[in-house]
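Please read the structure below before turning to the comments.
Convention: sequence-line order gives letters A, B, ...; per-chain numbering from 1. Every heavy atom of this structure was used, including side-chain atoms; hydrogens, water molecules and symmetry mates were not.
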Amino acid sequence: MEERGTERRSLLTRLSLIDRRILFLIIFACAAIPLLIGASLKMSVTAPVKGLYDAIDALEAGSCVWLAADYDPGSKPELSPMNYALVEHLFRKNIKVISASLWAPGPPLAQTVFDEMAPVHGKHYGVDYVNLGFKEGREAVMVSVAEDLRRTFPEDYAGTPLDSIPMLKGISSLKDIDMIICVSAGYPGIKEWIQQIATRYDTVIGGGVTAVSGPEMYPYIQSGQLVGLLSGMKGAAEYEQLVGRPGLGTAGMVAQSSVHVMVVIFIIFANIVYFLEKRRARR
Amino acid sequence: MRTEIPVAMAFIAGMLMVVSLFVPHPFIAEPAAVMRGWAIIITAFAYVLGVANIARISLHTVRNRTTDWQYKAALVVALVAMAGVGIAGGINSGGLFDWAYLNMYVPMQATMFSLLAFFIASAAYRAFRARSVEATLLLVVAAVVMLGRVPVGEKLWPGLPAFTEWIMEVPNMAAKRGIMIGAALGAISTGLKMILGIERSYLGSD
């Protein structure tokens with residue numbers, strides 16, 4: 001009896017101290033297998049995602065939006081699918097897009113999206129979209145663009161003066177922009193656009209953030225300062241579903257689902273082991 | 001004078017920015033716009049200082065062959081190579097800089113970030129224990145939100161996404177709003193103290 005107790009105790013101890021490489025291997029399998037077999041899952045669309053879709057859908061053809069690519073490669077798997085889905089919707093609606101970034105690594109990521117999407121929709125640089133590149137200065141740049149676009153960005157990403165870009169004729173500041181869409185991974189990002197621009201210049205703002213930043217944005221949605229929000233890869237997948245273009249977000253949903261389920265299983269299992277050990281110790 | 005002049009400059013710059021928010025007259029708006037331009041230029045200089053500093057520290061480590069000097073050497077080589085390629089060939093799409101950025105920097109940084117999933121899973125297994133009522137509450141809510149934020153949660157219980165949204169929109173938002181209001185009041189107080197010269201730690205000490 002005593003022997004069996006010791007045996008079980010050692011098994012519990014071993015389970016609680018399981019080699020983390022085994023955990024890593026399980027997580028790797030959960031993430032990799034669904035991606036390799038290309039499984040997909042349907043999902044319902046949440047209100048913040050629908051809010052952004054409706055706000056963009058309400059814009060008329062020929063409107064102009066500011067698409068802030070405020071993220072870096074670390075957040076690319078979560079945020080690039082959003083950028084693709086948003087550009088798809090904007091191009092489909094014949095809305096002009098001005099992209100700029102307050103994060104140094106942002107412009108090439110935004111450019112990659114345009115390079116892929118523009119030929120598909122027959123859009124041309126300088127006529128339907130521009131990439132203004134990166135500007136350091138954070139909140140000062142936001143307010144400066146709101147006052148005078150050309151003083152802040154005299155040239156685009158490729159070094160072309162803004163006055164020689166046909167699409168930008170008649171656009172002198174953010175006051176001439178119909179909506180700001182910010183895809184952001186942190187500071188400076190969507191929160192700063194809201195704080196500096198939304199109320200001061202009466203501008204419509206929407207966007208997308210990493211899943212970890214999502215909860216922080218909910219007060220702005222309720223206050224109406226944020227018309228809609230895509231939160232994490234799930235937000236991107238929901239938007240892809242709305243625009244009818246399954247992409248990287250949708251592809252990642254099964255992988256993300258299985259990893260989340262596995263983490264919950266880990267938590268439950270580890271707690272069962274913890275309580276069994278505790279009970280045994282009390283005896 | 002070493003204290004008074006910087007404090008006076010901070011007062012003028014700070015007040016100008018505050019007043020420009022309420023007074024759109026060109027008499028205020030123009031100098032405020034010029035000052036914002038200065039702010040952008042000064043912030044850009046932080047990059048120059050940052051690069052100079054990291055180069056100095058890394059070269060010092062390489063020269064003295066201290067711990068992990070090989071990594072510092074790789075950093076200096078990468079820094080010089082990327083800057084050289086960018087300055088010589090430009091940073092536009094299709095160039096060598098763009099190629100190196102998209103094919104080296106992007107996968108490397110994405111890899112670093114993706115490692116988080118493994119560490120979170122390991123931490124959840126080892127440290128997430130229902131040791132108290134608060135910890136149990138956190139654990140249960142975390143599990144619900146984790147499942148509710150992915151499509152499989154909807155398959156387990158169709159009401160889960162709506163319940164998760166309720167958690168986000170009510171308890172989460174109440175807590176977030178409290179934190180945000182507290183932080184904003186703190187920022188206003190610190191800003192006023194700096195503008196009025198009460199808080200002078202930004203001047204440094206010598």
- Item | Flag, side chain of B/Asp98 to backbone of A/Pro108, donor-acceptor distance under 3.5 Å | no

- Item | Short side-chain to backbone donor-acceptor contact, A/His260 and B/Met146, under 3.5 Å | yes

- Message: Within the 3.5 Å criterion, strictly below it, is a donor on B/Glu165 or A/Thr46 matched to an acceptor on the partner's side chain?
- Response: no

- What residue, out of B/Arg129, B/Arg177, B/Lys176, has the most heavy-atom pairs lying under 4.5 Å from chain A? B/Arg129

- Query: Which one, B/Lys155, B/Met168, B/Met112, leads in non-hydrogen pairs under 4.5 Å with chain A?
  - Reply: B/Met168

- Task: Find the one option among B/Ala143, B/Gly37, B/Ala39, B/Ser93 whose heavy-atom pairs under 4.5 Å with chain A are most numerous.
- Result: B/Ser93

- Which pair of heavy atoms, one from A/Tyr157 and one from B/Asn92, lies closest together, and at what distance? O-OD1, 3.4 Å

- Message: If you apply the rule side-chain contact (heavy atoms from CB on, under 4.5 Å), what do you find for A/Arg20 with B/Phe119, and how did you get there?
- Response: CA-CA 9 Å; A/Arg20 65 179 180 167; B/Phe119 290 119; 4.0 Å; yes

- Query: Does A/Ala211 offer a backbone N or O that forms a donor-acceptor pair with the side chain of B/Arg149 under 3.5 Å?
  - Reply: no

- Any donor-acceptor pair under 3.5 Å from B/Glu169 side chain to A/Tyr218 backbone: no

- So, A/Asp72 side chain and B/Ala110 main chain: donor-acceptor pair closer than 3.5 Å or not? no

- Message: Out of B/Leu139, B/Ile120, B/Ile42, B/Ile167, return the one with the most heavy atom pairs under 4.5 angstrom to chain A.
- Response: B/Leu139

- Message: Does B/Arg131 form a side-chain contact (heavy atoms from CB on, under 4.5 Å) with A/Tyr274? I'd like the steps, not just the answer.
- Response: CA-CA 9 Å; B/Arg131 287 196 171 91; A/Tyr274 168 70; 3.3 Å; yes

- Pairs of heavy atoms under 4.5 Å with chain A: top-ranked of B/Tyr47, B/Tyr105, B/Phe128: B/Tyr47

- Message: Would you say that more than 12 heavy atoms from the other residues, nucleotides or ligands in this model lie under 6.0 Å from the CZ of B/Phe45, or not?
- Response: no

